[in-house]
Undergrad: 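Right, I'll just put the structure down here and ask away after.
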Protein chains: 2
Amino acid sequence: MSIRSKGRIISLAWPDRTEPRAKAFPIVKRLTEDRRGVLFVGDNLTVLDHLIAEKQTGASLIYLDPPFFTQRAHETMPRKGAASEVAFSDQWESLAHYLEAIAARLSRLRELLLPHGSLVLHVDTKTSHYVKVLADGIFGFDAFASEIVWRYRRWPSKTENFQRVHDVLLRYRKDPSIAPRWNQGYEALAASTLKTWGTRKQRAVVEEGHRKRSSSTEEESKGVPLGDVWDIGILAPVSKERTGYPSQKPEALLERLVNVLTDPDDLVLDPYAGSGTTLAVAHRLGRQFVGIDESAVAIATIEKRLAEKGVLLTQVPAGR
Amino acid sequence: MSIRSKGRIISLAWPDRTEPRAKAFPIVKRLTEDRRGVLFVGDNLTVLDHLIAEKQTGASLIYLDPPFFTQRAHETMPRKGAASEVAFSDQWESLAHYLEAIAARLSRLRELLLPHGSLVLHVDTKTSHYVKVLADGIFGFDAFASEIVWRYRRWPSKTENFQRVHDVLLRYRKDPSIAPRWNQGYEALAASTLKTWGTRKQRAVVEEGHRKRSSSTEEESKGVPLGDVWDIGILAPVSKERTGYPSQKPEALLERLVNVLTDPDDLVLDPYAGSGTTLAVAHRLGRQFVGIDESAVAIATIEKRLAEKGVLLTQVPAGR
DNA sequence: TTGGGTCATGAATCCGGCA
DNA sequence: TTGCCGGATTCATGACCCA
């Protein structure tokens with residue numbers, strides 16, 4: 001199956017499509033003591049071009065949680081009294097400008113991905129469809145691997161609509177013809193299965209070419225292979241994990257991605273590092289990491305978060 | 001928020017876009033004895049144009065489960081011995097042709113929707129994104145109401161990917177400025193909530209402008225307002241509900257949609273009636289229904305299914 | 001309670017057109 | 001003729017839900 005069949009290429013189109021320009025900030029680079037973690041301060045477009053030019057080793061996993069096109073400025077939520085400040089702006093002239101910005105990042109990120117690597121793109125349910133069509137154009141329709149649904153629970157609002165309780169993560173592979181990094185994950189068996197079969201593996205019995213019956217075996221089942229709908233709670237407002245940075249994602253979500261899609265010592269890249277969840281999880285699980293963010297609030301949050309784990313970042317000249 | 005901001009309209013584009021032509025089958029119309037249910041045999045494009053021309057009363061709910069662009073012919077699965085036959089073909093020259101066909105149906109269906117009505121479009125996770133961009137163009141970005149995730153459980157396959165265990169349903173409203181048909185649905189409270197609070201309703205307590213604590217009230221909770229991720233089992237292979245028609249959807253799925261989005265006596269329209277799940281549920285819940293299908297196998301399946309509920313269809317001249 | 005029967009899977013294999 | 005490529009077919013699969 002190909003979207004190019006019969007030469008009819010389907011793409012998103014809008015008038016006056018332009019290439020976004022990187023902000024002219026200078027890049028600042030910070031490095032952990034063991035040199036296994038890097039944090040860049042600056043426009044990620046500039047930094048990505050810098051990384052490509054420097055021919056840095058590629059990443060096994062790129063996770064990005066870009067702004068969601070909410071047309072709002074997002075503020076921090078400090079624990080006590082302290083004034084909130086703008087963490088990042090998510091205001092755009094138009095959806096077209098937003099898509100142009102995302103597309104520019106994606107095409108750079110693809111270059112930084114190892115052949116066995118995955119890119120996971122966290123998107124909003126209102127815009128995911130536009131982003132997917134765009135990303136299909138950059139990675140190829142066949143490089144699309146999964147639409148992962150992150151289902152969470154939250155305080156319900158009073159609206160005449162089905163409560164929105166999920167986000168979408170799109171996974172792409174750099175090269176679908178190459179075996180991917182893959183450490184199979186499992187989740188608990190369904191209640192109905194447990195009732196009938198217990199935790200033993202079932203075995204299909206085939207007679208005369210037809211499936212006749214199942215029987216349970218001695219072997220303990222590891223559970224059911226991980227699906228593409230993940231039930232993971234959002235961070236409780238009083239959770240110890242909370243940094244006060246808006247749009248913070250739970251570590252459990254990143255943990256799954258890192259465990260399944262990378263091996264120890266692999267490199268994890270997050271170009272919208274935000275509160276630093278990706279970096280913290282990568283470090284905890286023994287992976288190398290590269291984070292990028294242009295927001296001073298984000299950088300301060302990340303440094304504090306990593307420092308609490310005993311990881312100190314020191315400034316080095318960019319280009320090392 | 002609008003995709004038209006600053007006059008930059010984003011759309012799907014492909015070369016040589018054409019308007020599909022309806023098949024030249026004659027329409028056959030069948031009517032239930034109480035005249036509250038109608039079944040059309042023929043190309044749904046022809047039938048929809050016919051319905052628009054006849055200025056039939058509009059629908060409160062349109063549900064459609066079109067082919068998924070699997071590029072396969074789907075066959076029936078008869079219970080015992082009997083030979084299987086092709087129920088419907090899902091083979092297309094290209095994704096572009098597929099999208100052209102869907103777009104043509106959607107624009108007609110929109111005309112048949114009452115102002116308070118909803119259209120729910122069942123799509124595949126590989127093509128949903130293209131279809132959503134297309135449908136946004138027909139209904140308007142602001143008419144999009146929900147991306148509903150139908151999560152099911154099935155036999156796992158051995159693949160280095162997250163198992164696909166969900167389908168997507170896109171809900172659009174005819175007119176987002178008008179109050180929709182809405183009968184709030186509920187689901188069971190989460191296990192963690194039950195443990196802490198039991199089944200009593202919680203009430204937020206606000207003091208001095210700050211949220212202080214919650215307290216449980218006397219009132220019994222109806223549960224959590226229905227979200228947009230639905231955990232509904234697929235039909236078991238040995239289920240009594242099974243008709244043998246491929247791609248049959250569980251009645252529980254349609255029940256939710258019909259209960260929430262329509263009132264009794266409202267009209268439910270399904271232009272890809274298939275095994276007749278929508279019609280059967282609409283009838284059982286006291287709604288009027290219009291079904292359309294071009295497959296003789298589908299029509300036979302529907303007539304048998306309805307007959308088992310004591311609903312007989314008799315042929316009448318089209319146009320009544 | 002126990003066991004049957006399957007899957008709009010996904011991988012492996014086959015096959016036919018083309019160079 | 002033969003080898004390659006891609007589409008189409010078939011084959012192994014094991015947890016799920018209902019009777």
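Per chain, numbering begins at 1; letters A, B, ... match sequence-line order.
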Undergrad: Under 4.0 Å between any heavy atoms, over every strand shown, what does P225(A) touch: base, sugar-phosphate, or nothing? Just pick one.
TA: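 If one applies the 4.0 Å heavy-atom cut-off, P225(A) turns out to touch nothing in the nucleic acid.
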Undergrad: What is the distance, rounded to the nearest whole Å, between atom CE of M77(B) and atom P of dA8(C)?
TA: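 Checked: the CE to P distance equals 8 Å.
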Undergrad: If we take the C1' atom in both dG4(C) and dA8(C), what is their distance in whole Å?
TA: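 Pairwise C1' distance, dG4(C) against dA8(C), rounds to 23 Å.
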Undergrad: Quick one: does R287(B)'s side chain have a donor or acceptor within less than 3.5 Å of a partner on T262(B)'s backbone?
TA: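 Flag set: sc R287(B) to bb T262(B) pair under 3.5 Å.
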Undergrad: With a 4.5 Å heavy-atom cut-off, do T125(A) and H166(A) have their side chains touching?
TA: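 A side-chain contact exists here, since the closest heavy-atom pair is under 4.5 Å.
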Undergrad: Using atom CG of L235(B) as one end and atom P of dA15(D) as the other, report the distance to the nearest whole Å.
TA: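 Distance check: L235(B) CG to dA15(D) P gives 21 Å.
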Undergrad: Tell me whether the rings of Y98(B) and F69(B) are parallel (<30°), tilted (30 to 60°) or perpendicular (>60°).
TA: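 Plane angle between 30° and 60°, so tilted.
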Undergrad: Strictly under 6.0 Å, is that where the ring centroids of W182(A) and F162(B) end up?
TA: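 Aromatic pair counts; centres sit under 6.0 Å.
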Undergrad: Distance to the ring centre below 6.0 angstrom and angle to the axis at most 45 degrees; does that hold for R256(B) and W230(B)?
TA: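 Relative to the ring axis of W230(B), which defines the angle, R256(B) lies inside both limits.
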Undergrad: Angle class for the F289(B)/H283(B) ring planes (parallel below 30°, perpendicular above 60°, tilted otherwise)?
TA: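 Judged by the thresholds at 30° and 60°, the geometry between F289(B) and H283(B) is perpendicular.
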Undergrad: Using atom CD of E75(B) as one end and atom C1' of dC7(C) as the other, report the distance to the nearest whole Å.
TA: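 Rounded to whole Å, this separation is 14 Å.
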Undergrad: Which nucleotides of nucleotides 9-16 of chain C have their base under 4.0 Å from a protein heavy atom (B), which only their sugar-phosphate (S), and which neither (-), written as one string 5' to 3'?
TA: SSS-----
Undergrad: Please determine, for the side chain of R242(B), which listed nucleotide (dC7(C), dG5(C), dA8(C)) has the closest atom?
TA: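 Nearest to the side-chain atoms of R242(B), counting from C-beta on, is dC7(C).
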Undergrad: Find the runs of at least 3 consecutive base pairs, i with j, i+1 with j-1 and so on, that include DNA chain D, using Watson-Crick or G-U wobble geometry with both distances under 3.5 Å.
TA: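 Stem segments, range with range: C:2-6 with D:15-19, C:9-19 with D:2-12.
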Undergrad: Could you check whether Y245(B) gets within reach of a base, just the sugar-phosphate, or nothing at all, counting any heavy atom under 4.0 Å?
TA: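 Here Y245(B) touches no strand at all.
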Undergrad: If I take atom NZ in residue K240(B) and atom P in nucleotide dC17(D), what distance separates them, rounded to the nearest angstrom?
TA: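 The distance from NZ of K240(B) to P of dC17(D) comes to 18 Å, rounded to the nearest Å.
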Undergrad: Centre of F144(B)'s six-membered ring, under 6.0 Å away, within 45 degrees of the axis: is that where NZ or CZ of K132(B) sits?
TA: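 Yes; both conditions hold, so K132(B) lies above the ring face of F144(B).
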Undergrad: Using the P atom on both, measure dG3(C) against dC7(C) and round to a whole Å.
TA: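 Per the computed distance, 22 Å lies between those P atoms.
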Undergrad: Could you tell me whether the side chain of Y130(A) reaches within less than 4.5 Å of the side chain of D136(B), counting heavy atoms only?
TA: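 Heavy-atom side-chain distance check passes, below 4.5 Å.
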Undergrad: Report the distance from atom CZ of F69(B) to atom P of dG7(D), rounded to the nearest whole Å.
TA: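 Those two atoms, CZ and P, are 11 Å apart.
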Undergrad: Heavy atoms only, 4.0 Å cut-off, all strands: where does P156(B) land among base, sugar-phosphate and nothing?
TA: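 Sugar-phosphate contact only - P156(B) comes under 4.0 Å of backbone atoms but never of a base.
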Undergrad: What is the separation between atom NE2 on H166(B) and atom C1' on dA8(C), rounded to the nearest whole Å?
TA: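 Rounded to whole Å, this separation is 15 Å.
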Undergrad: Just the rounded figure in Å: distance from C1' of dA15(D) to CZ of R153(B).
TA: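 Distance, rounded to whole Å: 10 Å.
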Undergrad: Any salt bridge (Lys or Arg N to Asp or Glu O under 4.0 Å) pairs touching residues 114-124 of chain A, not counting sequence neighbours?
TA: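 Sorted pair list: D124(A)-R164(A).
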Undergrad: Do the two ring centres, one from H74(B) and one from Y245(B), sit under 6.0 Å apart?
TA: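 Ring centroids of H74(B) and Y245(B) are no less than 6.0 Å from each other.
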Undergrad: Rounded to whole angstroms, how far apart are CH2 on W92(B) and P on dG7(D)?
TA: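 After rounding, the reported distance stands at 18 Å.
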Undergrad: Using the side-chain heavy atoms of H74(B), tell me which of these nucleotides is nearest: dG5(C), dC17(D), dA8(C).
TA: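 Between dG5(C), dC17(D), dA8(C), the one nearest the side chain of H74(B) would be dA8(C).
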Undergrad: On DNA chain D, check which nucleotide each of Q91(B) and V224(A) is closest to and give me the residue with the more 5' one.
TA: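 So the residue in question is Q91(B).
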